[in-house]
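Have a look at the structure below, then the notes.
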Amino acid sequence: MSQLPKRYDPLVVEEEVLDFWNKEKVYDKTLKLRSSGPKWNFLEGPPTTNGFMHVGHARGRAMKDTQIRYMTMRGYDVWRRGGWDMQGLPVELEVEKNEGIVEKGLIDSNVGMDVFVQKCKELVDFYLERWVNDSIRLGLWLDYPEAYQTRKDDYIEHVWYFLKMANEKGLLGRGYRVNPTCPRCVTALSGHEVSQGYATKVDPSIYVKFEMVDRENEYLVIWTTTPFTLISNEMVSVHPKYKYVKLDVGGEFWWVVEDLVEVVMEKAKVESYSKVETLTGKKMLGWKYRHPFHDEVPFHQEHDEKYMHAVVTGKHVTVEDGTGLVHTAPGFGPDDFEVGKEFKVPVLAPVTTSGKFTDEVPMFEGKLVFDTNVEVSRLLKEKGLLVHEETVSHEYPHCWRCDTPLIYLADKTQWFLKMTGLRDKLVKANNDVEWTPKWAGTGRFGDWLANADDWCISRSRIWGSPLPVWVCDDCKSEVVVGSRKELKERAIEFPEDFEMHRPWVDEVVLKCEKCKGEMHREQFVTDCWLDSGMAHTASVDYLKDPSLFNRLFPYDFITEAVDQSRGWFYSLIYTSVVMHGSAPFKDCVSQEHVLDEDGGKMSKSRGNVVWAKDALETIGADPFRIFMLTRSASWSRMNHNQKEIDLIRKKLDVLWNVVLFSETYMELDKFKFDEKRMMKFLPEANLEDKWLLSRLESVVKEYHEHMDKYLWHQAGRVLLEFITEDFSRVFLPLVKKRVWLDSENPKKVMAYDVMYYALQTFIRLLNPFTPFICEKLHKDFLVRFADGLPESINLTDMPMLVDKLLDTEMEATFDVLQELRTASSHARNKKGVKLRHPVAKVTLIAEDKETSKRAESLKELLLDDLNTRDFEAVLTDILAEFTQLSVKPNYKALGPRYKDMMKQLVAQLQKVDAVKLRDDLEKGIATLEVKGKKLELVQGDVDFEESLPEHLSYADSKIGKVYVDVTRTKELEAEGLVRDVTRRIQVMRKEMDLKVEQSIEIVLHFSDNESVELAKMFEDHLKNETRAVTLDLVGPDREPGWKKYSYIKEWEIDDLKLKVGMAAR
RNA sequence: GGGAUGUUGGUCUAGCUCGGUGAAUGACAUUGCUCUUAUAUGGCGAAGAUCGGCGGUUCGAUUCCGCCACGUCCCA
């Protein structure tokens, strides 16, 4: 029969439990057990298999597991297929790094795209294995063997299927997108790449005036650090709220933002100028100007749209530098692009991806844009439009591979999923979702959804789901292919070893149905969020057999971190609304991130990432899980903090220790739990038994209320508080007295039954949070002391509320007890009266009738508990009885009048009846006889202070005022002394390793005779308590025969010195 | 740069949805006292926060609004 180790070591426990689960196939058994239960379907948000699992991932996964285990124990047949997101840019970047690939163009020549893709597969497989291992170590019970992988052909096929459907619904289309582009690598860069490459760059900084149309001699003054973009200028943006002024600069009028007038005038070397007119920006909307390169660039001559070559408004305008009028070229900047879209100005982007002007700009055709800056300035100067020219050095994005300055460039070949006509449906679908917390969904996500733009899904990449669009070389007609089968049918030639990845898919050429020409694939892959977004359908292989999908959809529950709002939550809803007309999930819990100890972001570059594996292998999964789950609400950020984990781990220590305590005595008494017996005898049970069971049921109730709302942190906190506060600190000390009774004693059996019942219930409730320790305690404790339990706690049912055990009146009564304990300790503490010294009386002046009734009902228990001879609960504050009025002379008033009589007067004042004196003074004059003289006192001569009489100590509490009468009598002192002595003898018995029933002989040598006398009053009691056959009490004037005693020890009890001799007999 | 979200004793946190009681909750750490034959515990005290800063709404704001600083997330 195995025994629990003395100390809780999570690592040892968890290793053992993992082994047990593995050997006994416990997970499979839970599936089988619940297979006929009601369905509850969880959709796993697939982690990206690049990099390892860190503690932030692990927190989210702990939440998933807790919910899953909870539902399983509630009897549900839980769908929980795992999933992995395996494609995308980060994988490529790591492979490029590993392979030393600098330029993407090199892939074909040096490595070969097929080899590259192979490397990507190997990399994600490597990470996949670690993710699975770490997840299992964390205790996350998912279906791993059947887990979906976004890189599989079957999965990608669903993405194609979706895109074809989207296209048929008119939602797929081409559009412009402004990308940071490296002209040397001839590729667009992702935001992530851009942020890696900021560096200082020296650029021209020019101030240019644009001649206005219909406003004679007036000019708009703009500023730019990229002169070449002026070629493609279409608008000038002003801020709608800023004030702009028209300046007379000697024959010409210039428009500049008011805040920057002086700066601009100084740069332009205009010494005298005057303000002619002031306007807010929005009034300038629509003002036309003549493009500075109107004559040179044919494109500009054709312009006649309303806002072309006109002033528009935008909030991106600042007054930090420049002129407050921002030159806007929609093809060359994200802000510019947005403005262009808003004012319906078409994009002009006469520059190739390699950064060279096209034939649309005849004067610069074939020239690299940066190289034209000087020329642009020169031309402007010639035209007399250059106001000022200088250079600035600023932070500018560079290519992280080759350090070439990037160009923001509009690219019209990108593919989009449109929002047109869909927005309302998405918002409505989202409103049907139950979000936790509510504001994250309807507010944060809902607002964002209502304003979401078209979704750019094309990526100029390799390792991803290929965009299934083929375009005819000749007639340019397009076809979106929806499946592998369809592709094969339309292919001119279909390779044997086909795979739905680049480069294989690129090699498939289709025949154009219109012109019989050749069709080639658009060389994009799709955004990997589209992959994971299809999980609702693709994860269950809908295309092969939709029956499983039909059973599961919509899923009951998903949970991911906030960064998924724009990611997974969005892509799920978008694709599902398009395909199935509704959101694919019913409940969604939003999580926040885990930060480092100082609240900083965890990142590889900072080196502050805590990997899940390390955390799990050093602190253990259970302490980690309970920390992550209870420390803060799922939607609040949290800091990873070792100190805090240690604190919460202590609570698991407490659980372990209370079980250990129970086990020790239950083992001794050969106890077997019998629920019927417990219920039968419960009416006669001790107060604390009924109380504990009622508390337990309150916990069960609250726990389920929280769990039903996915408030794991609340549910967990309720549990931890119960075990540490109620069970360990309150109940066990009360029960301890009973474990020494005979093993057959019904009081003791009841204590065991209650302990067992409470622990069994508790451990099951806790199991979803800390499955390892709970499994261990189930196996090695619960199973041993009851019949008919299954081998694993995961095969048991979640305890539900047992109404008949709930007794709120009992709990309220017990609260009174706790309050009285606290208050009495406080009052004792004030007077320095230790608990083991009995006091004469404790009085409660209760707040209300119920409290006093409850307190009275506890009287017997209280006498023992508070160690008092008497207890009374009364309702009214009988002030006179408990307070004492004392007189304080006012020396400043009395001194000058009574001078040398002061000493006697003061002495007399202490003796006088203070209440009477106060009453007299209130009426008028009081007289006092001192040394035969009658002295007169008036108000102000003395102050009165209310104080407690010496023998009383007072403490306030939530339930009323508590007075403790600490009057010392001989008997009370004797009792206290005997308790002191008894305790020390018991300590010595333990140190001698005596059996409980072993008799002894004792001598007590006191340092004063008074103590001898006191001890004699309780001689028999002392003998009984310590199982002494002989007891010799000796004072300071005699030295006992020490030789007789085998164990001698000296003690100090306050001032008393005590030497104890002891021998077994 | 835009949007979102947060900032409470030395540390970590509760409360803030729907502003109002008197001491803003609890834990750790500090400190005084104390209990205990389950516990690397526990109990009673002391001390410690003008609830990030500044403004506004209001009779009244930690709680609502705005701006600023700092952190974080998403987008650019």
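So that the names make sense, note that chain A is the first sequence line, chain B the second, and so on, each numbered from 1.
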Counting only heavy atoms and a strict 4.0 angstrom limit, can you tell me which residues of residues 819-827 of chain A come near RNA chain B?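 Heavy-atom contacts with RNA chain B come from A:Thr822, A:Ser825, A:His826.
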
Between A:Phe332 and A:Tyr408, does the ring centre distance come in under 6.0 Å?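 Centroid distance A:Phe332-A:Tyr408: not below 6.0 Å, so no.
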
Base partner of [N], which must satisfy Watson-Crick or wobble distances under 3.5 Å:
| N | value |
| --- | --- |
| B:C33 | B:G43 |
| B:U72 | B:A4 |
| B:G66 | B:C54 |
| B:U11 | B:A27 |
| B:G60 | none |

What is the distance from atom CE of A:Met419 to atom CG of A:Leu449, rounded to the nearest 0.5 Å?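 Output value for this atom pair is 5.5 Å.
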
Nearest-neighbour nucleotide for the [X] side chain, [options] considered:
| X | options | value |
| --- | --- | --- |
| A:Tyr665 | B:G42, B:U13, B:A38 | B:A38 |
| A:His593 | B:G42, B:A38, B:C73 | B:C73 |
| A:Glu644 | B:G43, B:C12, B:A38 | B:C12 |

What integer number of Å spans the [atom1] atoms of [N] and [M]?
| N | M | atom1 | answer |
| --- | --- | --- | --- |
| B:U34 | B:U41 | C1' | 14 Å |
| B:G48 | B:U30 | C1' | 10 Å |
| B:U5 | B:A23 | C1' | 32 Å |
| B:U36 | B:C44 | C1' | 15 Å |
| B:U17 | B:G66 | P | 16 Å |
| B:G71 | B:C12 | P | 16 Å |
| B:C51 | B:A24 | P | 11 Å |
| B:U62 | B:G15 | C1' | 9 Å |

Can you name the closest pair of heavy atoms from A:Ala758 and A:Leu692 and give their distance?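 The pair with the smallest heavy-atom distance is CB-CD2, 3.7 Å.
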
Taking all atoms of both residues into account, what is the closest heavy-atom pair of A:Ser237 and A:Thr328, and its distance?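 So the two residues come closest at OG-OG1, 2.7 Å.
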
Whole angstroms only, please: what is the [atom1]-[atom2] distance between [X] and [N]?
| X | N | atom1 | atom2 | answer |
| --- | --- | --- | --- | --- |
| A:Trp656 | B:A38 | CH2 | P | 19 Å |
| A:Asp336 | B:G1 | CG | C1' | 12 Å |
| A:Met602 | B:C73 | CE | C1' | 15 Å |
| A:Ile985 | B:U37 | CD1 | C1' | 14 Å |
| A:Ile645 | B:C28 | CD1 | C1' | 15 Å |
| A:Ile648 | B:A40 | CD1 | P | 20 Å |
| A:Leu817 | B:C44 | CG | C1' | 15 Å |
| A:Leu449 | B:A4 | CG | P | 16 Å |

Identify, between A:Asn641 and A:Lys736, the residue whose nearest nucleotide on RNA chain B lies closer to the 5' end.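 The 5'-side residue here is A:Asn641.
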
5' precedence on RNA chain B between A:Arg7 and A:Asn639 (nearest-nucleotide basis):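 Between the two, 5'-proximity favours A:Asn639.
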
Answer yes if the side chains of [X] and [Y] hold a donor-acceptor pair under 3.5 Å, and no otherwise.
| X | Y | result |
| --- | --- | --- |
| A:Thr229 | A:Thr226 | yes |
| A:Gln414 | A:Ser458 | yes |
| A:Ser634 | A:Glu592 | no |

It should be established whether A:Arg729 places a side-chain nitrogen or oxygen under 4.0 Å from OP1 or OP2 of nucleotide B:U41.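 Looking at the OP1 and OP2 atoms of B:U41, neither is under 4.0 Å from any side-chain N or O of A:Arg729.
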
Mutual orientation of the aromatic rings belonging to A:Phe624 and A:His640 [parallel < 30°, tilted 30-60°, perpendicular > 60°]: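 Ring orientation, 0 to 90° scale: tilted.
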
Mind telling me whether A:Trp435 and A:Phe445 have parallel, tilted or perpendicular rings, with 30° and 60° as the class edges?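 Tilted.
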
Using a 4.0 Å heavy-atom cut-off, does [X] contact any base of the nucleic acid, only the sugar-phosphate backbone, or nothing at all?
| X | value |
| --- | --- |
| A:Val654 | nothing |
| A:Leu660 | nothing |
| A:Ser662 | nothing |
| A:Lys6 | nothing |

Backbone of A:Val589 reached by a side-chain donor or acceptor of A:Thr436 within 3.5 Å: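 It does not hold such a pair.
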
